[in-house]
Q: 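This is the structure I have questions about; it appears just below.
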Amino acid sequence: MSFKHQLELAVRRAMDSAEIPADCAPMVVRSNRPEFGDFQANGAMAAAKQLKTNPRQLAERICQALAEQLGERADKLEVAGPGFINITLNGAYIGAQFAAPAAATQRNAQTVVVDYSAPNLAKQMHVGHLRSTIIGDAIARVLMHRGDTVIRQNHVGDWGTQFGMLIAELEEQLGSGERAELALADLEQFYQAAKLHFDADPAFADKARAYVVKLQGGDSHCRQLWQQFIDISIAHNVALYRQLGVLLTAADTMPESAYNDQLGDVVATLVNDGIAVEDAGAKVVFIDELADKNGNPSPMIIEKSGGGYLYATTDLAAARYRQQTLRADRVLYFIDARQSLHMKQVFATARRAGFVEPSMQLEHLPFGTMMGADGKPFKTRSGGTVKLADLLSEAIERATALVAEKNRDSDIGADELAEIARKVGIGAVKYADLSKTRTNDYIFDWDSMLSFEGNTAPYLQYAYTRIVSIFRRAGLAIDSFAGAVAIELPQERALALHLLGFEELLEQVARDCYPHLLCNYLYELASLFMSFYEAAPILKEGVTAISKESRLALAMQSAKTLALGLELLGIDTMDRM
RNA sequence: GCGCCCGUAGCUCAGUUGGAUAGAGCAACGGCCUUCUAAGCCGUGGGUCAGGGGUUCGAAUCCUCUCGGGCGUGCCA
């Protein structure tokens, strides 16, 4: 049970005493100003509105009952303004929370499918894939930490029309003695070559088109060429995931092609149930829930007039698979905001067709576009897409220069410096993205991101190393340290209260799938620690044994929380930097 | 046309189911290192929350309209 939840229960009991209906929430939040105490309960005013009574008097009644509920746990309770109840907790009570960690809240673990990353295997991964990949990964980590069974699914594109062109090109290059690994060493280059070939040579173009049909018809020669291409492409992606510190492996790949043999059945089922109808030669689902103001239902084509299937068909098959085979309780789709309408269509149709049960949650977690400094989609100077591999290389390069600069006089060896630079560079890229509200577009800017000041990953990593350094200097093992927290200074109180809100925060992140909430929490934690550290000496002369133990305990708790929080974001920490 | 999203300090961004005097970082200015890592800390200045109207004890937040921007909208994914 979270710390705040204990307070909510106490306030709610006090509200019971004041005979306030059970549907009125206690609305306990951290106070935004020191003079308003540690927490404030705002529920009295809403309750008074419902009961048509005086809010101030109602708050007084709750406050009196709350005094009995909290007893010595509160130092001060007062009603302020129109009916705020300000709660100042007893310092010893706050400190005691660290000695006896609250029992974990009983909750039903869910089976959650997390659908993220999903690059197209025809090309190299580019910056457009970054957001889905790292946001999805962070949420997957948070859910796992909270005990859910997480099934990662990388719904890669491996079945589009361009694969005919690509395998025809591969066939030619292999024919001239090239090895597949070498031919495909640079997927972007290979794609360009195939495209040029396709545009310049009509015979090649015809073969490419024929190969699409043969591939999808199961021709073994085409299938074998395709498989070579796919294997190498996935290997490229997995290498990037590893560099990026993302959990996805080849085993998490659940490609579009995996649903190929189910698409006919999906369409047949929808037609038989009268959900899909033929219209202008195509099979279409008309969705009334998504009708516009004039009553025109929203159309979703699931089979082309020529007989081919579309990604809507594949997504429907995937939804059914996740229900019937994976038995998921919840499916999270980390997909670009521009596909919102498509996702709504798929969800509505999947439900109407009974592909998913009403109890299964389908959630589209959209995200905005990464923009350049000019406010337009992030591109290279020449206007091309920025390859993910290049982006990461540049981040490490810039971090290497900075780390070298900062450690001019340090005794840290070259290997360790390189490792620090890698963690700082990759962490900065990931954090810059994760710390922005998921649903908004955001401006990607090297200078602000790699200035490594303010709300950045290096600031958090630095805070962590400072704490580790304290323990190293004190000759204490941080992992096994245990000590009593005794609150004295306001900075200690603020830090302690913030630390006690971690569990609650993770609950919110798991529910809403907004990693920036975790970033904001960690940034505030690091800031509070820094202020605490300035104000509260730990290893210096004249610090009493009780203070020292308490401050070490707070520092240890801060380090643990920072390390865990960063790990859940997929960002590495180090012992020194 | 219709639909979805966005508009908060010079810049980049927070702002909880509606809560008290809207907060950070960067940039600017002023302090703090012979003492636990200065990638840090403390302080100052900076706002018509795009605009109008409404709901109420209370609105950046909810409703409505206007302006401005982005995206989507039947045979790509």
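Proteins come first, then strands; the chains are lettered A, B, ... in the order of their sequence lines, and each starts at number 1. The analysis underlying the following values was restricted to heavy atoms, covering all of them including side chains, and did not include hydrogens, waters or symmetry mates.
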Q: Residues two or more places apart in sequence or in another chain: which of them pass side chain to side chain donor-acceptor pair (under 3.5 Å) with A:Asp292?
A: A:Asn296

Q: Tell me which residues in residues 20-27 of chain A put a heavy atom below 4.0 Å from RNA chain B, sorted by number, or none.
A: A:Met27

Q: Taking N or O atoms only and anything under 3.5 Å, show me the protein contacts with nucleotides 55-65 of chain B, one pair per line.
A:
| from | atom 1 | to | atom 2 | distance (Å) |
| --- | --- | --- | --- | --- |
| B:G58 | O6 | A:Lys49 | NZ | 3.0 |

Q: Looking only at the side chain of A:Phe286 (C-beta and beyond, no hydrogens), which of the listed nucleotides B:A39, B:A20, B:G74 gets closest?
A: B:G74

Q: Hey, is A:Arg576 close enough to A:Glu416 for a salt bridge, meaning N to O under 4.0 Å?
A: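 Answer for the salt bridge query: yes.
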
Q: Measure distances between side-chain N and O atoms of A:Asn86 and base N and O atoms of B:A20, and say whether any donor-acceptor pair falls under 3.5 Å.
A: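 Present.
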
Q: Assuming nearest nucleotide by heavy-atom distance, tell me which of A:Glu278 and A:Arg511 is located more 5' along RNA chain B.
A: A:Arg511

Q: Under the rule for side chain to side chain contact (heavy atoms under 4.5 Å, CB included), what residues qualify as partners of A:Ala404, not counting sequence neighbours?
A: none

Q: At 4.0 Å (heavy atoms only), tell me whether A:Glu303 reaches a base, stays on the sugar-phosphate, or touches nothing.
A: nothing

Q: Base, sugar-phosphate alone, or nothing: which one does A:Thr465 contact when heavy atoms must sit under 4.0 Å apart?
A: base

Q: Does any N or O in the side chain of A:Lys379 come within less than 3.5 Å of the main-chain N or O of A:Gly372, such that one atom is a donor and the other an acceptor?
A: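 Between the backbone of A:Gly372 and the side chain of A:Lys379 there is no qualifying donor-acceptor contact (under 3.5 Å).
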
Q: Mind checking if A:Arg56 touches a base, just sugar-phosphate, or nothing, with heavy atoms under 4.0 Å?
A: nothing

Q: Quick one: side chain to side chain contact (heavy atoms under 4.5 Å, CB included) partners of A:Val271, sequence neighbours excluded?
A: A:Val267, A:Ala276, A:Lys283

Q: Counting the atoms with a prime plus P, OP1 and OP2 as sugar-phosphate, which does A:Asp447 contact under 4.0 Å by heavy atoms, base, sugar-phosphate, or nothing?
A: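 Nothing: the residue A:Asp447, judged by heavy atoms under 4.0 Å, touches no strand.
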
Q: Applying side chain to side chain donor-acceptor pair (under 3.5 Å) as the test, list every pair that has at least one member in residues 533-545 of chain A; sequence neighbours left out.
A: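 Applying side chain to side chain donor-acceptor pair (under 3.5 Å) to every pair that reaches into residues 533-545 of chain A, excluding sequence neighbours, yields A:Thr544-A:Ser547.
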
Q: Whether the side chain of A:Ser132 engages the backbone of A:His129 through a donor-acceptor N/O pair (distance < 3.5 Å, no angle test) should be reported.
A: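 Looks like no, no N/O pair under 3.5 Å.
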
Q: Distance between the C1' atoms of B:G72 and B:A77, in whole angstroms?
A: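 My reading of the C1' atoms in B:G72 and B:A77 gives 14 Å.
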
Q: Restricting both atoms to N or O, compile the protein contacts to nucleotides 40-45 of chain B shorter than 3.5 Å, with distance only.
A:
| from | atom 1 | to | atom 2 | distance (Å) |
| --- | --- | --- | --- | --- |
| B:G40 | O2' | A:Arg466 | NH1 | 2.9 |
| B:C41 | OP1 | A:Tyr459 | OH | 2.8 |
| B:C41 | O4' | A:Glu534 | OE2 | 3.3 |
| B:C42 | OP1 | A:Ser531 | OG | 2.8 |

Q: If you look at every strand shown and take non-hydrogen atoms under 4.0 Å, does A:Met300 touch a base, only sugar-phosphate, or nothing?
A: nothing

Q: Hey, could you give me the CD1/CG distance between A:Ile420 and A:Asn407, rounded to the nearest 0.5 Å?
A: 6.0 Å

Q: Stacking check: are the rings of A:Phe36 and B:A20 less than 5.5 Å apart at their centres and under 30 degrees in tilt?
A: yes

Q: Between A:Glu504 and A:Arg30, does at least one N-O distance fall below 4.0 Å, as a salt bridge requires?
A: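 Answer for the salt bridge query: no.
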
Q: Below 3.5 Å is the cut-off: list the nitrogen or oxygen pairs between protein and nucleotides 13-16 of chain B, distance only.
A:
| from | atom 1 | to | atom 2 | distance (Å) |
| --- | --- | --- | --- | --- |
| B:C13 | OP1 | A:Ile443 | N | 2.7 |
| B:A14 | OP1 | A:Thr437 | N | 2.5 |
| B:A14 | OP1 | A:Thr437 | OG1 | 2.1 |
| B:A14 | O5' | A:Thr437 | OG1 | 3.3 |
| B:A14 | O2' | A:Asn520 | ND2 | 2.9 |
| B:G15 | OP1 | A:His516 | NE2 | 3.0 |

Q: What's the closest nucleotide to the A:Glu256 side chain, out of B:C75, B:C36, B:A77?
A: B:A77

Q: Short question: side chain of A:Ser305, backbone of A:Ala282 - any donor-acceptor pair under 3.5 Å?
A: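 Looks like no, no N/O pair under 3.5 Å.
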
Q: Got a donor-acceptor contact below 3.5 angstrom from the A:Glu492 side chain to the A:Leu489 backbone?
A: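 The answer is yes, because a donor-acceptor pair under 3.5 Å joins these two groups.
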
Q: Considering residues at least two apart in sequence or located in another chain, which fulfil the side chain to side chain donor-acceptor pair (under 3.5 Å) criterion with A:Ser257?
A: A:Asp158

Q: What is the nucleic acid contact for A:Ala474, judged by heavy atoms within less than 4.0 Å: base, sugar-phosphate only, or nothing?
A: nothing

Q: Ignoring hydrogens and angles, does a donor from either the side chain of A:Asn294 or the base of B:G1 sit under 3.5 Å from an acceptor on the other?
A: no

Q: For the residue pair A:Phe444 and A:Phe378, categorise the inter-ring angle as parallel (less than 30°), tilted (30 to 60°) or perpendicular (more than 60°).
A: tilted

Q: Donor-acceptor pairs under 3.5 angstrom involving side-chain atoms of residues 512-522 of chain A: please list them, not counting sequence neighbours.
A:
| from | atom 1 | to | atom 2 | distance (Å) |
| --- | --- | --- | --- | --- |
| A:Tyr521 | OH | A:His498 | O | 2.7 |

Q: Which dot-bracket notation, 5' to 3', represents the base pairing of RNA chain B when pairs are defined as Watson-Crick or G-U with both distances under 3.5 Å, crossing pairs as [ ], and inter-strand pairs as |?
A: (((((((..((((.....[...)))).(((((.......))))).....(((((..]....))))))))))))....

Q: Mark yes or no for a side-chain to base donor-acceptor pair under 3.5 Å between A:Gln461 and B:A39, with no hydrogen or angle criteria applied.
A: no

Q: Which label fits A:Phe347 and A:Tyr333: parallel for a plane angle under 30°, tilted from 30 to 60°, or perpendicular past 60°?
A: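 It falls in the tilted class, 30° to 60°.
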
Q: Name all residues meeting the side chain to side chain contact (heavy atoms under 4.5 Å, CB included) criterion together with A:Gln40; count only those two or more places apart in sequence or in a different chain, and write none if there are none.
A: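 A:Val29, A:Ser31, A:Asn32, A:Phe36, A:Asn42, A:Phe84, A:Asn86.
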
Q: May I ask you to say what A:Tyr523 touches in the nucleic acid, namely base, sugar-phosphate or nothing, with a heavy-atom cut-off under 4.0 Å?
A: sugar-phosphate

